[in-house]
There are 2 protein chains.
Amino acid sequence: MTLIEKFWESVPTAWFRTRARIRHTAAEQFGLTVEQFQVLRRIRHGIDSVSAIAADKNASRPAVSAAVDGLVTRGLVARQTDEQDRRHIHLTLTTPAGQTALSAIYEQTDAWLAQRLTTLTPVEQEQLQTGLELLKKIMEISEQ
Amino acid sequence: MTLIEKFWESVPTAWFRTRARIRHTAAEQFGLTVEQFQVLRRIRHGIDSVSAIAADKNASRPAVSAAVDGLVTRGLVARQTDEQDRRHIHLTLTTPAGQTALSAIYEQTDAWLAQRLTTLTPVEQEQLQTGLELLKKIMEISEQ
DNA sequence: AAGAAAGGTTAACTTATCTAACTATTCTAT
DNA sequence: ATAGAATAGTTAGATAAGTTAACCTTTCTT
């Protein structure tokens with residue numbers, strides 16, 4: 001069993017299961033799409049423009065723009081034009097109400113993940129963390 | 001930085017980049033969708049029914065059924081009713097021509113992955129492998 | 001001041017998916 | 001034996017996810 005095969009067995013599956021869980025909480029309970037949730041996560045992390053989010057998540061700008069539209073419509077995010085450079089539009093989380101909903105989604109999704117992670121021993125958790133760091137590292141290499 | 005955050009930073013990104021690469025090779029060069037490629041991979045691994053593939057990839061049966069349709073239309077896969085239990089339909093890879101195309105897609109996608117993996121030291125590769133095994137393990141836990 | 005570059009949106013289209021409902025076949029338990 | 005449950009798969013109808021191409025604005029470059 002090669003490393004490549006391990007990759008195929010683990011990474012896509014991990015994402016599909018996670019996405020299904022996000023759909024379960026974010027979508028059913030809060031009316032957000034998985035896309036919107038992913039964008040929200042990034043805005044919360046300070047990635048605050050459509051272009052930056054698109055680059056970070058390997059998606060097209062229009063796809064991110066559409067997700068932002070939905071978030072703005074739901075009152076969770078606000079667009080603010082940068083007065084220094086009027087091409088930029090900063091995205092920010094808005095109302096306390098919106099933040100509360102967001103926290104609830106986080107809690108539920110992260111609890112689902114945490115529940116799985118705690119089945120591992122502390123040593124295994126460290127090994128997983130190391131593995132994920134390496135996974136992130138090799139995926140940051142740009143196309144030649 | 002918690003393990004959960006590491007997960008969010010690595011797994012979705014890894015999948016999105018990989019999917020973009022599949023699209024680049026499988027889609028542009030061979031007229032296959034990413035979905036069809038994923039189904040093909042599983043058939044090649046001996047997962048040979050719509051239900052089994054759907055379970056393995058956490059997708060609905062209709063979604064898999066639709067992908068199989070496309071593969072059958074392209075002459076890459078054949079449906080064969082099981083005579084012992086006529087509810088089952090076995091999926092098999094067909095013609096040498098189809099197999100050749102499949103091998104080409106594999107080679108290109110795996111080469112892309114391999115190129116990234118070889119930037120890691122042998123020790124790091126082992127650490128990544130351990131991490132991916134743990135990732136797979138925690139994702140196999142069924143919902144309560 | 002012209003042209004390139006960057007940020008964002010719109011439009012049109014394709015792919016990816018889901019749930020619900022249906023057909024056909026087989027299993028189960030009386 | 002047979003009614004009802006369960007399993008495998010497909011169809012139908014919907015929505016979500018995501019692309020490329022083209023366009024507007026604003027800023028940078030020279």
Side-chain angles (χ1 to χ4, degrees), chain A residues 12 15-28 30-40 43 47-74 77-91, chain B residues 12-13 15-24 26-28 30-40 43 47-74 77-91:
Chain A
W15 170 243
F16 284 110
R17 289 204 80 127
T18 304
R19 190 183 54 176
R21 170 54 37 168
I22 296 171
R23 191 137 42 207
H24 188 70
T25 59
E28 291 181 10
F30 299 95
L32 292 181
T33 67
V34 175
E35 271 316 287
Q36 290 166 350
F37 177 70
Q38 290 194 275
V39 168
L40 263 188
I43 295 176
I47 306 178
D48 76 334
S49 74
V50 167
S51 289
I53 292 170
D56 188 65
K57 81 188 288 290
N58 290 288
S60 64
R61 284 197 300 278
V64 175
S65 186
V68 169
D69 265 356
L71 293 170
V72 170
T73 300
R74 276 167 187 73
V77 166
R79 288 183 169 109
Q80 295 181 321
T81 301
D82 181 333
E83 291 304 326
Q84 260 59 53
D85 183 342
R86 297 182 48 77
R87 290 173 302 183
H88 290 256
I89 296 181
H90 293 288
L91 306 171
Chain B
T13 300
W15 170 243
F16 284 111
R17 288 204 81 127
T18 304
R19 190 182 54 176
R21 171 53 37 166
I22 295 171
R23 191 141 38 212
H24 189 68
E28 291 181 11
F30 300 95
L32 292 181
T33 67
V34 176
E35 270 315 287
Q36 290 166 349
F37 177 70
Q38 290 193 274
V39 167
L40 217 40
I43 294 176
I47 306 178
D48 77 335
S49 74
V50 167
S51 289
I53 292 170
D56 188 64
K57 81 189 288 290
N58 290 288
S60 64
R61 282 197 301 277
V64 175
S65 186
V68 168
D69 266 355
L71 293 170
V72 170
T73 300
R74 277 168 187 73
V77 165
R79 289 182 168 110
Q80 295 181 320
T81 302
D82 181 333
E83 290 305 325
Q84 260 60 55
D85 183 341
R86 297 183 48 77
R87 291 173 301 185
H88 289 257
I89 296 181
H90 293 288
L91 304 172

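We use all heavy atoms of the structure for the numbers below, so side chains are in, but hydrogens, waters and symmetry mates are not. These figures come from a predicted structure and were not determined experimentally. Every chain is numbered from 1, with letters handed out A, B, ... down the list of sequences.
- Atom NE2 of A:His90 is separated from atom C1' of C:dA6 by 14 Å (rounded to the nearest Å).
- Legend: residues meeting side-chain contact (heavy atoms from CB on, under 4.5 Å) with A:Ala52, ordered by chain and number and at least two apart, are A:Ile47, A:Ser49.
- Annotation: of the two residues near DNA chain D, A:Val34 and B:Val50, the 5′-most nearest-nucleotide partner is B:Val50.
- The overall bend of the helix from C:dA1-D:dT30 to C:dT30-D:dA1, read as the angle between its terminal helix axes built from five base pairs each, is 30° when rounded to 10 degrees.
- Residue A:Leu91 contributes atom CG, which lies 11 Å from atom C1' of C:dG7 at whole-angstrom precision.
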Distance-only donor-acceptor pairs under 3.5 Å for side chains of residues 58-70 of chain A, two or more places apart:
residue: A:Ser60; atom: OG; partner: A:Ala63; partner atom: N; Å: 3.4
residue: A:Asp69; atom: OD1; partner: A:Arg79; partner atom: NH1; Å: 3.2
residue: A:Asp69; atom: OD1; partner: A:Arg79; partner atom: NH2; Å: 2.7

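- Among residues two or more places apart in sequence or in another chain, the salt bridge (charged side-chain N to carboxylate O under 4.0 Å, His left out) test is passed with A:Arg74 by none.
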- Mark up nucleotides 24-30 of chain D, 5' to 3', with B wherever a protein heavy atom is under 4.0 angstrom from a base atom, S wherever such an atom reaches only the sugar-phosphate, and - elsewhere. --BS---
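- Neither OP1 nor OP2 of C:dT14 sits under 4.0 Å from any side-chain N or O of B:Thr33.
- Nearest heavy atom pair, residue A:Asp48 against residue A:His90, reads OD2-ND1, 2.6 Å.
- Applying the salt bridge (charged side-chain N to carboxylate O under 4.0 Å, His left out) criterion to A:Arg87, with sequence neighbours excluded, gives A:Asp85.
- With sequence neighbours excluded, the residues that form a side-chain contact (heavy atoms from CB on, under 4.5 Å) with B:Arg19 are B:Trp15, B:Phe16, B:Arg23, B:Val34.
- What separates CG of A:Leu32 from C1' of D:dA16 is a distance of 13 Å, to the nearest Å.
- Pairs of residues two or more places apart, or lying in two chains, that qualify as salt bridge (Lys or Arg N to Asp or Glu O under 4.0 Å) and include a residue from residues 50-59 of chain B are B:Glu35-B:Lys57, B:Arg42-B:Asp56.
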Between N or O atoms, less than 3.5 Å apart, protein on one side and nucleotides 18-20 of chain D on the other: list the pairs.
residue: D:dG18; atom: OP1; partner: B:Arg19; partner atom: NH1; Å: 2.8
residue: D:dG18; atom: OP1; partner: B:Arg19; partner atom: NH2; Å: 3.0
residue: D:dG18; atom: OP2; partner: A:Glu35; partner atom: OE1; Å: 3.1
residue: D:dG18; atom: OP2; partner: A:Glu35; partner atom: OE2; Å: 2.1
residue: D:dT19; atom: OP2; partner: A:Ser60; partner atom: N; Å: 2.8
residue: D:dT19; atom: OP2; partner: A:Ser60; partner atom: OG; Å: 2.5

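- Atom CZ of B:Phe37 is separated from atom C1' of C:dA16 by 17 Å (rounded to the nearest Å).
- Atoms CD (A:Gln80) and P (C:dG7) sit 18 Å apart, rounded to a whole Å.
- Listed pair A:Ser51 / C:dG8 meets the phosphate criterion, a side-chain N or O lying under 4.0 Å from OP1 or OP2.
- B:Ile47 places its CD1 atom 13 Å from the P atom of D:dG9, with the value rounded to the nearest Å.
- Under the rule for a side-chain contact (heavy atoms from CB on, under 4.5 Å), the partners of B:Ala78 that lie at least two apart in sequence or sit in another chain are B:Thr92, B:Thr94.
- Within the structure, a side-chain polar atom (N or O) of A:Ser65 is placed less than 4.0 Å from OP1 or OP2 of C:dT9.
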- Message: With side chain to side chain contact (heavy atoms under 4.5 Å, CB included) as the criterion, how do B:Leu91 and B:Ile53 come out once you've worked through the C-alpha distance, each side chain's angles and the decisive distance to 0.1 Å?
- Response: CA-CA 10 Å; B:Leu91 304 172; B:Ile53 292 170; 3.9 Å; yes
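- Rounded to an integer number of Å, the gap from NE2 of B:His88 to P of D:dG9 is 7 Å.
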- Task: Under the side chain to side chain contact (heavy atoms under 4.5 Å, CB included) rule, what do B:Leu40 and B:Leu71 come out as? Steps first, then yes or no, please.
- Result: CA-CA 8 Å; B:Leu40 217 40; B:Leu71 293 170; 4.0 Å; yes
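- Judged as a side-chain hydrogen bond (donor to acceptor under 3.5 Å, both in side chains), and not counting sequence neighbours, A:Gln84 has no contacts.
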